[in-house]
Engineer: 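Dropping a structure here in structure tokens format, bear with me for questions.
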Amino acid sequence: MNRKRLTLALSLLLLAAVPLAGSAYYTELVTKVMILAIFAMSLDLLVGYTGLVSLGHAASYGIGAYTLALAAPRYDPASLWVTLAEAVLAAGLASLAVGFFVVRVKGVYFLMVTLAFAQMFHFLFHDTDLGRGSDGISISFRPDASVRGFTPFDLGNSVHAYYFVLVVLLLTYAFLRLLLRSPLGHALRGIKSNEHRMQSLGFPVLRYKLASFTIAGALGGLAGYLSAAQFGFVNPELFGWHQSGNVLLMLILGGLGSLTGGVAGAFVFVAMQELFQALTIHWQLPFGLAIILLVVFLPGGLASLPARLRPPRPEGPFHV
Amino acid sequence: MSEPLLATRALTKRFGGLTANSAVSLDLRKGQVHALLGPNGAGKSTLINLLSGDLPVSSGRILYRDRDITRLGPHQRSRLGIGRSYQKTNIFGPFTAYENCRLAAQSRQPRPWRIFSDAQAVPAVRRAAEAALEAAGLAAVADQPAASLSHGAQRQLEIAMVLATAPEVLLLDEPLAGMGADEAHRMVELLQKLGPDHAMLLVEHDMDAVFAVADVITVMVNGQVLESGPPAQIRASPAVRQAYLGDDDGPPGAEGGAAARPAGSGGRSA
Ligand SMILES: Nc1ncnc2c1ncn2[C@@H]1O[C@H](COP(=O)(O)OP(=O)(O)O)[C@@H](O)[C@H]1O
Ligand SMILES: [Mg+2]
């Protein structure tokens, strides 16, 4: 798989070079895309590798974001490292609690209960004092990266923020790759392929699904946290079903079950959004059409492009 | 005689108005191949599903080493050492034959939560998977996706996966169905080899195979045990001949597999 490695390395170089172009707009835009890419990869663990299609993944995103907003002191910056850990933990614990119920149902019912749980969180932050209502919360100061007086970088600087998010993206990717290589990762793929047989071979399938749901939620919380840190603002729409729908779309556009597909999907999704918004105020119409065309004519997503462009080969063994 | 490893007491399963298993009591002992015969629809697969936990019982009890396991889930029973194969092939199609067996063997790994270890690098799991493939005659196709294997090879894989979990009790639902003659011959040899240190319940329509490996035979009709005993007793039983074969062609197995197969069983089709 040399060509794949090459593509990855080139994409990485390109990503690393974006801030060098000197456009603050594009630096911040690509930061946003990388955050969405982390979000899409976290959902891929659930949808692409475990076979659990969630329509409520935004709940973890919202919890991660709100953790920063609620934990940050009003007149001081919050500690990046402490609040980041809190956000991941909060989203992970919430997913563990929700997962306890939802992993018991399958298929379209799983879709519905995950959606229902996310809507409950939306309600909780929209209609109660917990999240200060529909106006949301402004975060006056960006999280401070200092450790014992030493400040390695400043998230207020968009170039610093860019590279920080890029590193988090790479770490998330590496973490998921390791996870997928482990016995747990293989068991999750087995569950996606044939849950019944996994059970019969002695795997406590519900526990594995719960592990997947919790880890996906914790990483979704990580993405939500980064988004709150970048924009300095949270509101209940972070929990909204369209947020869950969009990340699922990115994943489908990019290709399920390949990690890099989610990243590519996030880029294409935002690029199309930008393009059509620049062309027309009725941008959602061509945007929707483009998505439909992509899904119809590229069913395996962008991740399937290399295989399509190469001359067909006899199918090789499936190495997991 | 040794204590039963797995036993049922008055096991009953109803599907709505249909009683698929009616007060079935039988004992599976270590070192004994217990064949289960009966025409299609007799309730053989249902009994295996009850024993493996794939289906909940309506009434009655299941005992494993004198422990009541009637309410345990399928994965818990599998972990106790009760392994089963399926009449309708139930494998991981996109994975290689090796990965199918490796995954099965992985289920016995003591520490499955070490998320930074390499699943492929556990020697005990590797060996168990390779041994199971070898035993089932699949070593040559280990790296092929399971879905691309021939029907017969998929049936062999079905058994190999059970073996990779190293069970004490084997519940095999028509393991020979769909195999070619060579594959079936090899499988019968394997069953004979497994007999001494397993407790085996063998559902099989191939009478040659049954009489070649069985130590005890139970005949089921309409969800009920018609007769149970050593092969010679079953062969000679007028009731079995009457009810099971529906005519008096002669004792099961007397003229070889084909003639003795129950009417409507569809021979070796899965
Ligand atoms: N899940 C089920 N729901 C309803 N009826 C079933 C189910 N499984 C089996 N049956 C019925 O129970 C009877 C016994 O079936 P089965 O155990 O598969 O027989 P055998 O394996 O001996 O051919 C049949 O009449 C079958 O239609
Ligand atoms: Mg059957």
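Proteins get letters first, then strands, A, B, ... in listed order; numbering begins at 1 in each.
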Engineer: Evaluate A:Leu178 against B:Ile115 for side-chain contact (heavy atoms from CB on, under 4.5 Å), listing each step before the verdict.
Structural biologist: CA-CA 7 Å; A:Leu178 279 176; B:Ile115 59 172; over 6 Å; no
Engineer: Are A:Ser182 and B:Arg114 close enough that some pair of their side-chain heavy atoms sits under 4.5 Å apart?
Structural biologist: no
Engineer: Is the count of non-hydrogen atoms from other residues, nucleotides or ligands lying under 6.0 Å from B:Asp197 atom CG greater than 12?
Structural biologist: yes
Engineer: Give, as side chain, backbone, both or neither, the part of A:Ala187 having an atom under 4.5 angstrom from any heavy atom of chain B.
Structural biologist: both
Engineer: Would you indicate whether the side-chain heavy atoms of A:Arg181 and B:Phe116 approach each other to under 4.5 Å?
Structural biologist: no
Engineer: Go through the atoms of B:Gln76 and report whether side chain, backbone, both or neither lie under 4.5 Å from a heavy atom of chain A.
Structural biologist: neither
Engineer: Do any of residues 199-210 of chain A have a heavy atom less than 4.5 Å from a heavy atom of chain B, and if so, which, in residue order?
Structural biologist: A:Gln199, A:Ser200, A:Leu201, A:Gly202, A:Phe203, A:Pro204, A:Arg207, A:Tyr208
Engineer: Without swapping roles, check the side chain of A:Arg197 against the backbone of B:Ile91 for a donor-acceptor pair under 3.5 Å.
Structural biologist: no
Engineer: Between B:Ala146, B:Ser78, B:Pro167, B:Ala119, which residue shows the highest count of heavy-atom pairs closer than 4.5 Å to chain A?
Structural biologist: B:Ala119
Engineer: Rounded to the nearest 0.5 Å, how far apart are CZ of B:Phe92 and CE of A:Met198?
Structural biologist: 5.0 Å
Engineer: So, for A:Ser193 and B:Phe95, which heavy atoms are closest and what is the spacing to 0.1 Å?
Structural biologist: CB-CZ, 4.0 Å
Engineer: Any chance CZ of B:Arg61 has more than 12 other-residue heavy atoms, nucleotides or ligands included, within less than 6.0 Å?
Structural biologist: no
Engineer: Less than 4.5 Å to any heavy atom of chain A: does that hold for the side chain of B:Thr165, its backbone, both, or neither?
Structural biologist: side chain
Engineer: Between B:Glu99 and A:His186, is any pair of side-chain heavy atoms under 4.5 Å apart?
Structural biologist: yes
Engineer: Quick check on the structure: residues of residues 89-110 of chain A within a heavy-atom distance below 4.5 Å of chain B, by number.
Structural biologist: none
Engineer: Nearest heavy-atom pair of B:Gln106 and A:Leu184: which atoms, and what distance?
Structural biologist: NE2-N, 4.4 Å
Engineer: For B:Val162, is it the side chain, the backbone, both, or neither that has a heavy atom closer than 4.5 Å to a heavy atom of chain A?
Structural biologist: both
